[in-house]
Amino acid sequence: MRYVRFFLLAGVILAAALFSVGCRTETPTEAPLEPTNTAVPPTEVPTEEPTATPTELPEESPTPTVTPTPLVSGPTDFPENVNPLTGMVVDDVSLLERNPVMVKVSNFPRGLRPHTGLTWADIVFEYFIGAGATRYSAIFYGQNAPEVGPVRSARLIDAQLGNLYNTVFAFASADARVYNRVLNALGDRAITESPSTCPAICRTGNGDVNSVFAVPEEVTKYADETVGITPVRPLLDGTYFNPTAPEGGEAGSKVTVKYSLSTISEWQFDAESNLYLRFIEEVDANGVVTIIPLVDALTDEQLTAANVIVLFVETIEITPTLHDFNLANNLAGQRALLFRDGQVYELLWKSQGPQLPVQFFDLNGELVPLKPGNTWFHVVGISSSQEETAPGEWEVFNFLP
């Protein structure tokens with residue numbers, strides 16, 4: 001692959017120089033710290049060790065309804081029945097006649113895992129929030145999950161993601177600085193949990209901070225009937241999909257993203273399903289870290305992704321637990337790693353502007369196709385390192401900025 005070795009050598013050298021100051025090596029606290037300025041509503045509920053579980057499950061666990069119809073589509077003029085976020089034919093075309101629903105999902109404390117409903121997400125963004133922890137922004141469009149959560153507070157990145165993907169955004173409170181940014185960016189499309197938002201966004205169980213869950217279908221109804229956001233098909237052009245993997249890849253059977261030494265996201269390629277299987281860290285009472293499968297609480301099945309993309313993004317640290325990311329104004333391009341079909345591709349990702357999805361190009365400036373299906377994005381700092389630790393096995397260490 002052209003220039004890959006150059007990037008790798010540069011990344012290793014840069015990692016050695018920055019590791020002592022840039023990498024977040026602390027063990028995530030069971031309640032990652034929130035920024036201190038939370039004087040105006042909506043405010044965070046004080047974090048407690050979670051004891052609540054999602055609402056009672058049906059006797060038979062639900063299963064996703066995505067239709068596995070691979071085809072070439074995009075980056076524009078998508079067929080009426082094709083989801084422009086996945087390149088897949090949908091079972092219910094009416095789902096595309098609305099804004100996607102983005103839900104803020106917590107990943108810490110570890111006791112709240114497994115998460116609920118991520119199996120149904122078209123796109124998930126995972127990113128560093130400080131205190132050694134990460135959080136997810138999950139986007140639902142071609143499918144509706146029965147329930148999603150636990151829902152937590154917004155972050156600055158959500159103001160950009162909500163506009164890039166034209167979403168209605170469901171979250172549970174925010175720091176004052178974050179809340180104002182999100183509200184200014186998304187307006188009525190930003191919906192925070194309150195007693196009036198149920199059944200769209202509800203506080204369940206014992207009502208603690210990890211007891212909020214969202215139902216995407218109900219979020220769409222709430223946005224329409226209560227907020228007044230008329231369902232309409234938004235413009236989501238920009239992504240090119242092709243079931244045939246492009247040429248020029250290298251072996252990419254495994255990718256491990258280390259946000260800290262004890263906050264680890266890992267994907268392993270499964271040749272039988274032709275998808276990547278998700279793993280996550282588990283830490284015992286003695287601080288020993290092991291890697292276990294990450295499942296969905298609704299299905300008890302391991303999460304998978306057709307595409308795993310590492311985005312190297314300019315990051316601004318405002319406080320140790322408050323970060324901003326430049327996703328909407330990357331016109332020149334930053335590096336990215338695409339893992340699909342057991343291969344890895346060194347790419348450039350670029351912004352189309354503040355209100356269209358990001359795009360992916362090879363080093364010759366040609367659009368690179370994603371595999372039809374869902375995508376999991378890992379957002380890391382532009383100084384982050386990458387290394388092939390064994391044939392086809394890659395590690396990415398998150399460094400800020």
Side-chain angles (χ1 to χ4, degrees), residues 40-42 65 78 80-86 90-105 116-118 120-125 136-174 176 178-203 212-239 327-328 352-358:
V40 302
T65 57
F78 286 92
E80 182 182 7
N81 63 341
V82 171
N83 181 353
L85 300 185
T86 65
V90 298
D91 290 334
D92 183 357
V93 176
S94 68
L95 290 176
L96 305 182
E97 301 296 332
R98 58 164 182 166
N99 293 90
V101 174
M102 183 169 71
V103 181
K104 174 50 53 87
V105 179
T116 298
L118 294 178
W120 286 264
D122 294 337
I123 294 173
V124 177
F125 281 86
Y136 306 152
S137 295
I139 300 175
F140 301 84
Y141 188 41
Q143 302 180 94
N144 277 323
E147 186 176 61
V148 183
V151 180
R152 282 295 305 270
S153 63
R155 286 295 191 269
L156 290 174
I157 192 173
D158 297 311
Q160 295 180 72
L161 291 176
N163 277 330
L164 290 173
Y165 293 89
N166 278 281
T167 74
V168 171
F169 177 37
F171 62 105
S173 185
V178 175
Y179 181 73
N180 289 335
R181 175 84 68 85
V182 169
L183 191 63
N184 288 336
L186 305 183
D188 290 341
R189 291 188 287 121
I191 303 173
T192 187
E193 179 267 338
S194 73
S196 68
T197 59
C198 202
I201 313 170
C202 304
R203 191 172 293 270
V212 180
F213 292 83
V215 179
E217 181 178 8
E218 295 295 338
V219 172
T220 297
K221 290 181 181 178
Y222 182 89
D224 177 18
E225 299 172 2
T226 302
V227 180
I229 299 174
T230 303
V232 62
R233 183 181 295 233
L235 182 63
L236 295 167
D237 285 355
T239 309
L327 286 171
Q352 298 189 78
Q355 294 185 320
L356 285 170
V358 298

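As the structure is a computational prediction, the values presented were derived from the model and not from experiment.
Interatomic distance, CG of L327 versus CG of L156, reported as 11.5 Å (0.5 Å rounding). Rounding to the nearest 0.5 angstrom, the gap separating the CG atom in L236 from the CG atom in L356 is 8.0 Å. To the nearest 0.5 Å, the span separating CG on L183 from CG on D188 amounts to 8.0 Å. Rounded to the nearest 0.5 angstrom, N99 CG and F140 CZ are separated by 15.5 Å.
With contacts defined as side-chain heavy-atom distances shorter than 4.5 Å, the pair N163/P354 does not qualify. Residues Y165 and V358 are in side-chain contact: their nearest non-hydrogen atoms beyond the backbone lie under 4.5 Å apart. Taking the side chain as every heavy atom from C-beta outward, Y141 and L96 approach each other to under 4.5 Å. Residues F213 and P150 form a side-chain contact, since some pair of their non-hydrogen atoms from C-beta on lies under 4.5 Å apart. When side chains are defined from C-beta on, D158 does not count as touching F171, because their heavy atoms never get closer than 4.5 Å. Contact check for I123 versus P100: no side-chain heavy atoms found under the 4.5 Å cut-off. A 4.5 Å side-chain heavy-atom check between W120 and P146 finds at least one atom pair inside the cut-off.
Side-chain atoms of D122 and T86 include no donor-acceptor pair closer than 3.5 Å.
Listed by chain and residue number, nothing satisfies the side-chain hydrogen bond (donor to acceptor under 3.5 Å, both in side chains) test with N166 (two or more places apart in sequence, or in another chain). Remark: T230 engages no residue in a side-chain hydrogen bond (donor to acceptor under 3.5 Å, both in side chains) (not counting sequence neighbours). Residues passing the side-chain hydrogen bond (donor to acceptor under 3.5 Å, both in side chains) test with S194 are S196, sequence neighbours excluded. For D92, the side-chain hydrogen bond (donor to acceptor under 3.5 Å, both in side chains) partners at least two apart in sequence or on another chain are S94. The salt bridge (charged side-chain N to carboxylate O under 4.0 Å, His left out) search around R189 returns none, not counting sequence neighbours.
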Which atom pairs, one a donor and one an acceptor, fall under 3.5 Å between side chains of residues 214-221 and the rest of the protein, sequence neighbours left out?
unit_1, atom_1, unit_2, atom_2, d
T220, OG1, R98, NH1, 3.0
T220, OG1, P216, O, 3.3

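A donor-acceptor pair under 3.5 Å is formed between the side chain of R233 and the backbone N or O of E80. The backbone N or O of R181 lies less than 3.5 Å from no partner atom in the side chain of N184, so there is not a single donor-acceptor pair. For the pair T192 (side chain) and S173 (backbone), a donor-acceptor distance under 3.5 Å is present.
Nearest heavy atom pair, residue P357 against residue Q352, reads O-NE2, 2.7 Å. Across I201 and V212, no two heavy atoms sit closer than the pair CG2-CG1, 3.6 Å. Across G149 and V105, no two heavy atoms sit closer than the pair O-CG1, 3.8 Å. Closest approach of R203 and E193 over heavy atoms only: NH2-OE1, 2.9 Å. Shortest non-hydrogen contact noted between K104 and S137 is CE-OG, 3.2 Å. Contact record, V124 with A138: CG2-CB, 4.1 Å, taken as the closest heavy-atom pair.
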Does the pair V90 and L95 meet the rule for a side-chain contact (heavy atoms from CB on, under 4.5 Å), with working shown? CA-CA 8 Å; V90 298; L95 290 176; 5.9 Å; no

